[in-house]
2 protein chains.
Amino acid sequence: MTPEFNSWQSVQDEVLRRIHSRTWPPGAAIPNEAELAQEFGCARATVNRALQALADAGLLERKRRAGTRVALHPIRKATLSIPILRTEIEQRGATYGYGLIDRRLEVPPNPIRTRLGTGGAELLHTRALHTANGRPFVIEDRWVNLATVPAFAEVDLERFSANEWLVSHAPFTHGDIFFGADPCSITEAEALGCAVGAAVFTVERTTWNATAPITWVRLVYAPGYRMQTDL
Amino acid sequence: MTPEFNSWQSVQDEVLRRIHSRTWPPGAAIPNEAELAQEFGCARATVNRALQALADAGLLERKRRAGTRVALHPIRKATLSIPILRTEIEQRGATYGYGLIDRRLEVPPNPIRTRLGTGGAELLHTRALHTANGRPFVIEDRWVNLATVPAFAEVDLERFSANEWLVSHAPFTHGDIFFGADPCSITEAEALGCAVGAAVFTVERTTWNATAPITWVRLVYAPGYRMQTDL
DNA sequence: AAGTGGTCTAGACCACGTC
DNA sequence: ACGTGGTCTAGACCACTTT
């Protein structure tokens with residue numbers, strides 16, 4: 001007798017099997033939800049849930065009226081979780097440490113001013129070092145827009161990292177993030193205790209609350225750092 | 001009168017508003033689905049859909065019996081789409097080019113052999129250069145396990161890149177991916193036309209089909225490359 | 001115009017984890 | 001043990017897009 005597919009996961013597994021076995025080759029249209037529901041002996045909503053998950057994963061392409069097709073070039077989507085730095089370090093089984101390097105009110109250089117759109121206003125510029133087992137792990141170089149987050153001016157940055165405070169007190173609605181590789185500058189090399197010009201992994205993140213810019217941060221990881229995720 | 005929340009998106013917006021306005025502060029428990037459904041005047045399934053989306057986004061933490069809480073440290077999840085290299089270059093408005101550098105059957109060095117778990121077997125080692133507007137963009141250094149993908153042995157790699165062929169012909173069930181920054185080696189510098197030791201962004205990806213290893217690939221991007229995504 | 005996916009509803013049962 | 005989220009169902013209406 002026909003096996004039963006009474007959970008959306010089992011439906012998803014079966015659809016995956018047909019894609020991998022090329023029963024439904026790349027580019028082909030697959031039966032519509034109603035037909036599949038009948039074949040699988042379940043409700044259409046269950047099929048919908050399964051297909052939607054596969055479309056999110058990039059394996060199917062769905063359009064109203066046009067139906068559902070197997071993606072020609074399955075674009076894999078890797079999800080990076082971006083935890084606070086303390087958690088990132090502790091998850092590696094290391095002891096977390098933190099120290100403030102610098103904190104001053106000043107007008108940011110042009111590229112940052114432009115990205116944040118804060119014009120000629122002064123922002124709070126903070127620099128800090130996060131350590132793992134006492135060894136330099138990452139530099140946090142940050143500009144905070146006090147016009148959006150006035151309470152940040154009062155935070156005792158000797159004790160709490162800007163990273164942590166902002167995450168729990170200044171929710172953002174959207175932002176962008178860039179990953180790259182750069183040669184280590186002189187001041188960065190000094191803080192990280194590595195050679196000038198060494199290849200370092202960098203992250204630059206800008207966040208907004210609605211249209212109000214909150215902060216721009218550049219993270220410079222010590223040489224050898226790798227960021228990982230599963231597919 | 002009470003506004004109506006008859007779509008899961010509007011429910012999500014309202015919940016978001018309450019989180020941002022700290023009506024429901026970080027760490028607090030929020031009413032259960034049945035209560036919210038009644039308050040919002042919609043079905044519980046609609047509330048469920050909204051809360052589930054927010055939990056996926058890392059803003060809520062849900063546990064059976066324990067209920068739903070606002071996350072203390074909202075872990076942002078950035079999703080990177082990993083397209084085939086041709087598309088990545090064309091999306092930047094550049095002309096895509098491709099050239100095979102090398103192709104030979106050999107036993108991989110120990111680290112790669114260990115990662116793939118192929119023991120002392122020979123794998124197909126290919127090296128290729130992908131160009132944007134004729135300028136070196138990324139080196140693709142790849143080991144393919146012919147035991148899993150025998151058809152790959154017949155592919156004309158002068159015409160089709162390994163990247164593209166594998167994506168459409170060798171679906172993988174899972175894999176992992178590492179991002180890092182490395183100093184450019186001599187051979188890499190030669191292919192990319194940059195200085196030896198320059199900081200380059202690197203990606204290392206391993207993929208399996210069930211338990212069978214398919215391929216290991218290292219991508220070395222030309223200096224200055226950045227990977228971007230939105231939050 | 002018509003067919004497809006997208007979503008909502010009301011009710012039900014279940015799995016899990018906390019109490 | 002029991003309350004919570006997780007899911008399934010059957011039916012319905014709607015939005016979109018292609019024909």
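Note on naming: letters A, B, ... go to the chains in the order of the sequence lines (proteins, then strands), and numbering restarts at 1 for each one. Given the structure is predicted, the values throughout are model-derived calculations rather than measurements.
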Item to check | Residue-phosphate contact under 4.0 Å: A:Thr68 side-chain N/O, C:dT4 OP1/OP2 | outcome: no
Item to check | DNA chain D-proximal residues of residues 48-67 of chain B, any heavy atom under 4.0 Å | outcome: B:Asn48, B:Gln52, B:Arg62, B:Lys63, B:Arg64, B:Arg65, B:Gly67
Item to check | Value in whole Å for how far the P atom of D:dG6 lies from CG of B:Leu36 | outcome: 13 Å
Checklist entry - Parallel, tilted or perpendicular for A:Tyr98 and A:His130, by the 30°/60° rule? => result tilted
Checklist outcome for this item: From CZ of B:Phe40 across to C1' of C:dT9 the rounded distance in Å is 17 Å
Checklist entry - What is the distance from CD of B:Glu33 to C1' of D:dT7, rounded to the nearest Å? => result 11 Å
Checklist entry - So, do B:Arg115 and B:Glu204 sit near enough that their side-chain heavy atoms are less than 4.5 Å apart? => result no
Checklist entry - So does B:Thr46 get a side-chain nitrogen or oxygen closer than 4.0 Å to the phosphate oxygens (OP1/OP2) of C:dT7? => result no
Next on the checklist: For the residue pair B:Asn145 / B:Thr148, report whether a side-chain donor-acceptor contact shorter than 3.5 Å exists.
Outcome noted: yes
Checklist entry - Between atom CD in B:Gln38 and atom C1' in C:dC8, what is the gap in whole Å? => result 18 Å
Item to check | Listed partners of A:Arg205 passing salt bridge (charged side-chain N to carboxylate O under 4.0 Å, His left out), at least two apart | outcome: none
Checklist entry - Would you say the side-chain atoms of A:Ser81 and B:Arg76 include a donor-acceptor pair closer than 3.5 Å? => result no
Checklist entry - Roughly, in whole Å, what's the span from CD in A:Gln9 to C1' in C:dC14? => result 15 Å
Item to check | Aromatic ring pairing B:Trp208/B:His174, orientation class (parallel under 30°, perpendicular over 60°, tilted between) | outcome: parallel
Checklist outcome for this item: B:Arg44 CZ to D:dG3 C1', in whole Å, measures 11 Å
Item to check | Closest-nucleotide ordering on DNA chain D, the 5'-leading residue of B:Asn32 and B:Ala45 | outcome: B:Asn32
